Amino acid sequence: MTLLSSERSAGQLPEQPPTPDGPVYGWQTPPIETAPKAASTAAQEAIDLAGKAGLHLDPWQQHVLRIAMGEKPNGEWSAPEVCINIPRQNGKGGVIEARVLWGLFIGGEQGILVSAHEFKTTMNTMKRIERLIRSCPDLHKRVKAYHKTVGREGIELHDGRELRYVARSRGSGRGFTAACVIFDECMILGDDAMGALAPTTDAVDNCQLWYLGSAGIGAASQQLGRLRRRALAALESGEPDPVLAYLEWSINPHLTECSRGCTEHDDIGSVESLLKSNPAVGYRLQVEKSMHRRLTMGDALYARERLGVGEYPSEEGDAWSVIGKDAWEALADGESSAADPVAFAIDVTPERSHASICVAGRNGEAVHVEVVDNRPGTDWVAKRARELTEKWGPRCWVIDPGSPAGSLIGEVRQELKVDPDAEDEGEEPRLLAPIVQTKTRDVVQATGQFYDAVAASRIVHLDQAPLSTALAGARKRDLGEAWAWARRGVGVDITPLVGVTHARWGLFVEIEEPEEEVEPWAEFD
């Protein structure tokens, strides 16, 4: 069991090291890997058979098979569950094809199921496997039929072994017995499909469940999130999960709090990050072309789709793990309102899909917090800030410049200008309300103060669904000896929670007044 880091760079591809004038290769062993101990592996049989059929596997694909097809001394799988988490277009399909060919023609598996979120993906896999089998006469002569009837897609051998391609639904696969089930596109895999397909292996003594996909995309990545948590828990404890082999190619991106020169996290714009998360670089992916996708997709999508930075839902039992549901609901008051002065805050999700505007104001001895707006996109935020400012005259707007909302500071400032032409005349424009930009220490203080206020029953709210949902899924992000709200990997939109946290802080923060210009001293005769 290993957690690989930059120290394992020697394992990227020692037999083909990058040279100044030669090709550059991605990491052939993953940054995150954990697996039960194995006495042997059946991988070489799969690798050789694939090669015979014309499928020549990359070193990383061979490594995956060696780990995933590890065997105990009695010949049973050392890892009955296998998960491969890797960015798109790296060639995970080749791993599926090699594993299926082995199961059909060497492993003696009586039933194999292959399923993907999109059935067309499953059909593409079927076509590739059929093409490989037909290209090898020794394999093709063992096939009784290539079934292509709707609902009966698959390959049947003369000895009764069968490969079935099934759609992913609540009822798919029921009534079928399989020794191997392969879940492609497992970043979109929920309980309905798991409940239908996973039990098909329960009556088989030596079986495997395979999960292959790319970085988590939030609530849809329910099963992938469970597998990843198990893997990380095993790595943290130093004891392997007894049944899970997990391999993930991804980076650990810099946080907004990282100091200059931080070596514990990865820069999303670096070539090193691309190599760390994409083993196919040098084989089917090109460095320059891949990095240009950052310009096309933007940082958040590029980090997820090409660098493996995912968002994973919290385990159901982790809900309300920071602030208890009962404690929060006890502070609800449907008639609550905020008294002047008030403070507003803006927050945006990492992928910029939603934004929130929140407000805080005194309500007796407590502070009223409220989500004013929670909408898709960000193009509405600046104009809405102007409307709210003209109506309420807040003491300030709070925006974290290191967060996704930081990009809106210029737009909001422009909307709040009293005299937009002042800058053209060389004067500092006056704003309808000051914009307070938080620093890391401010974010930490704001979070701690909000938490303490809830504990002391000095918060009151309207029991709004967006805020309750955010709190239910919220998790902590450690910052040294303190913590803040985790933005990534929580599976819910936490902008309402971050917004009210910062708005409450803005209600009490000291606002620096702009210095007045003073006429310089002059000497007079």
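A quick note: this is a predicted structure, and the numbers were derived from the prediction, not measured. Only this structure's heavy atoms are used, side chains among them; waters, hydrogens and symmetry mates stay out.
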If the condition is ring-ring contact (aromatic ring centres under 6.0 Å, His included), which residues does [X] pass it with, not counting sequence neighbours?
{"X": "Trp483", "value": "Tyr451, Trp485"}
{"X": "Tyr246", "value": "none"}
{"X": "Tyr211", "value": "Phe183"}

Is any side-chain heavy atom of [X] closer than 4.5 Å to a side-chain heavy atom of [Y]?
{"X": "Leu247", "Y": "Ile32", "answer": "no"}
{"X": "Arg88", "Y": "Glu305", "answer": "yes"}
{"X": "Pro36", "Y": "Pro242", "answer": "no"}
{"X": "Trp320", "Y": "Leu471", "answer": "yes"}
{"X": "His147", "Y": "Ile155", "answer": "no"}
{"X": "Asp400", "Y": "His502", "answer": "yes"}
{"X": "Leu57", "Y": "Glu97", "answer": "no"}
{"X": "Glu351", "Y": "Leu301", "answer": "no"}

Per-pair distances, 0.1 Å, donor-acceptor, side chain in residues 289-298, under 3.5 Å, sequence neighbours excluded:
unit_1, atom_1, unit_2, atom_2, d
Ser290, OG, Gln286, O, 2.7
Arg294, NE, Asp299, OD1, 2.7
Arg294, NH2, Asp299, OD1, 3.4

What is the minimum heavy-atom distance between [X] and [Y], and which atoms define it?
{"X": "Val114", "Y": "Thr122", "result": "O-CG2, 3.6 Å"}
{"X": "Val309", "Y": "Ala215", "result": "C-CB, 3.9 Å"}
{"X": "Arg230", "Y": "Leu244", "result": "NH2-CB, 3.6 Å"}
{"X": "Ser214", "Y": "Pro87", "result": "CB-CA, 4.2 Å"}

task: Please report the C-alpha distance between Arg375 and Ser356 in whole Å, then the side-chain angles of each, then the deciding distance to 0.1 Å, and finally whether the side chain to side chain donor-acceptor pair (under 3.5 Å) criterion is met.
output: CA-CA 7 Å; Arg375 307 186 204 169; Ser356 289; over 6 Å; no
- prompt: What residue among Asp493, Thr469, Asp347 forms side-chain hydrogen bond (donor to acceptor under 3.5 Å, both in side chains) with Asn374?
  reply: Asp493
- request: Report the C-alpha separation of Ile346 and Val398 in whole Å, then their side-chain angles, then the decisive distance to 0.1 Å, and conclude whether the side-chain contact (heavy atoms from CB on, under 4.5 Å) test is met.
  value: CA-CA 7 Å; Ile346 297 170; Val398 181; over 6 Å; no
With [X] via side-chain hydrogen bond (donor to acceptor under 3.5 Å, both in side chains) - residues at least two apart:
{"X": "Lys476", "value": "none"}
{"X": "Ser273", "value": "Ser270"}
{"X": "Asn252", "value": "none"}
{"X": "Thr349", "value": "Ser353"}

For [X], is the [atom1] atom crowded, meaning more than 12 foreign heavy atoms sit under 6.0 Å from it?
{"X": "Glu130", "atom1": "CD", "value": "yes"}
{"X": "Asn74", "atom1": "CG", "value": "yes"}
{"X": "Arg441", "atom1": "CZ", "value": "no"}

- prompt: For the ring pair Trp249 and Trp60, is the centre-to-centre distance below 6.0 Å?
  reply: yes
- request: Test side-chain contact (heavy atoms from CB on, under 4.5 Å) on Gln61 and Lys92 and set out the steps.
  value: CA-CA 8 Å; Gln61 294 169 318; Lys92 63 178 173 60; over 6 Å; no
field: Ser407 vs Arg352, side-chain contact (heavy atoms from CB on, under 4.5 Å): CA-CA, chis, key distance, verdict
entry: CA-CA 10 Å; Ser407 63; Arg352 311 190 69 78; 2.7 Å; yes
- request: Give the intermediate values and the outcome of side chain to side chain donor-acceptor pair (under 3.5 Å) for residues Gln28 and His63.
  value: CA-CA 8 Å; Gln28 298 303 293; His63 175 75; over 6 Å; no
Pairs flagged by salt bridge (charged side-chain N to carboxylate O under 4.0 Å, His left out) wherever residues 61-71 is involved - sequence neighbours left out: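 Output for this query is empty, none listed.
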Aromatic Tyr146 / basic Arg134 pairing, under 6.0 angstrom, 45° off normal: yes
Arg131: side-chain contact (heavy atoms from CB on, under 4.5 Å) partners, not counting sequence neighbours: Arg128
statement: Sorted by chain and number, sequence neighbours left out, side-chain contact (heavy atoms from CB on, under 4.5 Å) with Asp442 holds for Thr438, Lys439, Gln445, Trp505
message: Taking Arg304 first and then Glu311, would you say they form a salt bridge - that is, a charged N and a carboxylate O separated by under 4.0 Å?
response: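 Salt bridge flag = no for Glu311 with Arg304.
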field: side chain to side chain donor-acceptor pair (under 3.5 Å) assessment of Arg228 paired with Asn85
entry: CA-CA 9 Å; Arg228 192 173 193 269; Asn85 188 343; over 6 Å; no
- request: Verify side-chain contact (heavy atoms from CB on, under 4.5 Å) between Ile182 and Cys180, making sure each step is shown before the conclusion.
  value: CA-CA 7 Å; Ile182 297 175; Cys180 180; 3.9 Å; yes
Solution key, residues 102-110 side-chain donor-acceptor pairs under 3.5 Å, sequence neighbours excluded:
unit_1, atom_1, unit_2, atom_2, d
Trp102, NE1, Glu45, OE1, 3.0
Glu109, OE1, Arg99, NH1, 3.0
Glu109, OE2, Arg99, NH2, 2.7

task: Classify the side-chain pair Gln62/His56 by whether it contains a donor and acceptor separated by less than 3.5 Å.
output: no
